[in-house]
Amino acid sequence: MGFVKGLKCRECGREYPVEPIYVCEFCFGPLEVAYDYEKIKNVLTREQILSRPQNLWRYRELMPIDGEPTCGLYSGFTPLVRADKLAEQIGLKELYIKDDTVTHPTLSFKDRVVAVALTKAKEFGFDTVACASTGNLAHSVSAHGAAAGLKRFIFIPASLERSKIVASLAYGPNLIAVDGNYDDVNRLCSEVANKYKWAFVNINIRPFYAEGSKTQGYEIVEQLDWKTPDAVVVPCASGSLLTKIWKSFKEMKEIGLIDQLNCKVFSAQATGCSPIVAAIKEGVDVIKPVKPNTIAKSLAIGNPADGYYATKVIKDSGGFGADVSDPEIIDAIKLLAATEGIFAETAGGVTLASAIKLIKSGHIKRDDRTVLCITGNGMKTKEALTGHTGEPHHISANMKSFEEVMAKIGS
Ligand SMILES: *Cc1c(COP(=O)(O)O)cnc(C)c1O
């Protein structure tokens, strides 16, 4: 038995039964999963959570499934790494990396949302899953869908990084590369979803899919010994992860897993696609869609579905936003790797570079206990560093040649 009460419109509050639907018939607002927190409060204690296997299902009462989880049993519970060397460089006392570059089978945080989406799609009885993706979702649905024995239709912008295309193809899905950007792909998928009765993880399954992102927030709090950080920096594409981290903190307070919620939530975006940060900087909650142009392709959503709600969370929590250029993204990827040994994809560069700006501007204070959400592995976007790293020292296979190089390197 699950603890879900039903779906609820975020705008007008109208309630709906649990079905593969995502939009309110009356006001066209997005639907969200509503839970019976009173019931959850009685069963989900810190001790209960600590006794469970270290994967994302240790918070299963707060996930929108009815039966046993059937997907993503090895996803989640990624490390929270204390990053002292990096902290010193960027001027913070206490800094942590929520390291979603590792542990997940497809090496990005999308394995969280896909675990929930596919478990739910199977509960609904679908035999085919589909998605519109900026890259990581394609990889994750391809992999987990294969393991779940589901047919897969994956739609991507044709201009995606080659490594992400190859990584997805390895699992044998139907990969559809569309001429156009993510927003074009998404528009097409809405039409496809009207005709084909598939579980589109980010369309008709979206209310359930999005809940998976909450597990990152629960883990951060558990790993900080049941406290929220003072500041958290979150990379934004559609804005969903940011809103769900906030929801996870609020839920933990609601069911008594934490006493206090004091956390400023910050959005990180690439300047070449920063509709959410632009709204925050202008102090408005209307999102102006943009045409993406950035190396951070996994975040390149010009018309973010949860942009409006992300701006609300940022305002309510006292946070802010920052946007960074492609060279700043590359420098940050290298800084994180060189200080902490963590190789992040472009989205990770966006997060760290944005954090550096927010520290300089005083929005994040030196004493703020800060968490950076690093959401994907650098091996997935190696292309981005081409021409921006040094070259190996090339030598002949003899000591003389090596000593020549040593003389140049110095000690
Ligand atoms: C999808 C994604 C995000 C955030 O996506 P939202 O749509 O804002 O939830 C962040 N980082 C990476 C690497 C992603 O693939």
Side-chain angles (χ1 to χ4, degrees), residues 30 75 78 97-102 104 106-114 116-117 131-143 154 156-157 160-161 163-164 167-168 182-183 185-186 201-203 206-207 209-217 232-248 265-270 273-277 287 292 294-311 313-314 321 329 332-333 336 342-354 372-381 384:
S75 300
T78 59
I97 304 297
K98 181 56 173 165
D99 188 5
D100 268 31
T101 72
V102 291
H104 297 300
T106 71
L107 304 180
S108 92
F109 107 94
K110 287 297 195 300
D111 287 345
R112 299 179 182 278
V113 279
V114 170
V116 179
C131 68
S133 171
T134 56
N136 288 322
L137 189 60
H139 191 185
S140 189
V141 172
S142 297
I154 314 285
I156 54 169
L160 218 58
E161 296 99 339
S163 13
K164 281 188 180 158
S168 301
Y182 173 84
D183 300 286
V185 176
N186 203 31
V201 306
N202 55 337
I203 301 179
R206 188 173 179 86
Y209 151 95
E211 292 290 289
S213 288
K214 294 189 307 188
T215 59
Q216 197 175 53
V232 60
V233 185
V234 188
C236 288
S238 73
S240 177
L241 172 63
L242 184 144
T243 63
K244 294 297 175 178
I245 285 182
W246 183 244
K247 184 178 182 187
S248 76
V265 181
F266 295 93
S267 168
Q269 293 201 296
C273 183
S274 54
I276 295 173
V277 171
I287 304 287
T294 167
I295 56 166
K297 293 180 195 285
S298 57
L299 302 180
I301 296 185
N303 189 10
D306 289 284
Y308 164 72
Y309 298 100
T311 62
V313 165
I314 293 162
I329 294 168
I333 290 174
L336 179 60
I342 294 170
F343 184 27
E345 72 144 85
T346 45
V350 170
T351 305
L352 174 54
S354 297
L372 308 185
C373 295
I374 301 298
T375 45
N377 192 296
M379 298 305 274
K380 306 185 86 170
T381 59

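Throughout, numbering of the chain's residues begins at 1 and tracks the sequence. Note that ligands are numbered from 1 as they come in the structure, with each ligand's atoms numbered from 1 the same way.
Note that CD1 of I374 and CZ of F109 are 13.0 Å apart. Values are rounded to the nearest 0.5 Å. For the atom pair L336 CG and F343 CZ, the distance stands at 10.0 Å (nearest 0.5 Å).
Distance from atom 12 (C) of ligand 1 to its nearest protein heavy atom, with residue and atom name: T375 OG1, 3.3 Å. Among protein heavy atoms, the minimum distance from atom 4 (C) of ligand 1 is reached at F109 CE2, 3.7 Å. Ranking the protein heavy atoms by distance from atom 7 (O) of ligand 1 puts S238 OG, 2.6 Å first. Looking only at heavy atoms of the protein, atom 5 (O) of ligand 1 is closest to A237 CB, 3.5 Å. Of the protein's non-hydrogen atoms, L241 N, 2.8 Å is the one closest to atom 9 (O) of ligand 1.
Q269 places a side-chain N or O within 3.5 Å of a backbone atom of V277 that can act as its donor or acceptor partner. Looking at T101, its side chain never comes within 3.5 Å of a backbone N or O of N377 through a donor-acceptor pair. A donor-acceptor pair is defined here as one N or O able to donate and one able to accept, closer than 3.5 Å; such a pair exists between the side chain of D111 and the backbone of T106.
Shown in contact with A347 at under 4.0 Å from a heavy atom are these atoms of ligand 1, numbered in order with element: 11 (N), 13 (C). In the vicinity of S240, heavy-atom distances shorter than 4.0 Å reach the ligand 1 atoms 6 (P), 8 (O), 9 (O). Heavy-atom proximity to G239, at under 4.0 Å, picks out these atoms of ligand 1: 6 (P), 7 (O), 8 (O). Every atom of ligand 1 with a heavy atom of L299 under 4.0 Å away is listed here by number and element: 3 (C), 10 (C), 11 (N). Atoms of ligand 1 lying under 4.0 Å from at least one heavy atom of E345, given by number and element, are 13 (C).
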May I have the step-by-step check of side-chain contact (heavy atoms from CB on, under 4.5 Å) for K380 and S163, ending in yes or no? CA-CA 6 Å; K380 306 185 86 170; S163 13; 5.9 Å; no
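Shown are K164, K297, M379; of these, the side chain to side chain contact (heavy atoms under 4.5 Å, CB included) with E345 is made only by K164. With C236 as reference, I276 is the one residue of T243, L241, I276 to meet the side chain to side chain contact (heavy atoms under 4.5 Å, CB included) rule.
The part of N136 lying near ligand 1 is the side chain, judged by heavy-atom distances below 4.0 Å. With a heavy-atom cut-off of 4.0 Å, L137 does not touch ligand 1 at all. Only the side chain of K110 comes within contact range of ligand 1, with a heavy atom under 4.0 Å; no backbone atom does.
Among the atoms of I301, none of the N or O lies under 3.5 angstrom from an N or O of ligand 1.
For the residue pair T78/R112, the side-chain donor-acceptor check at 3.5 Å is satisfied.
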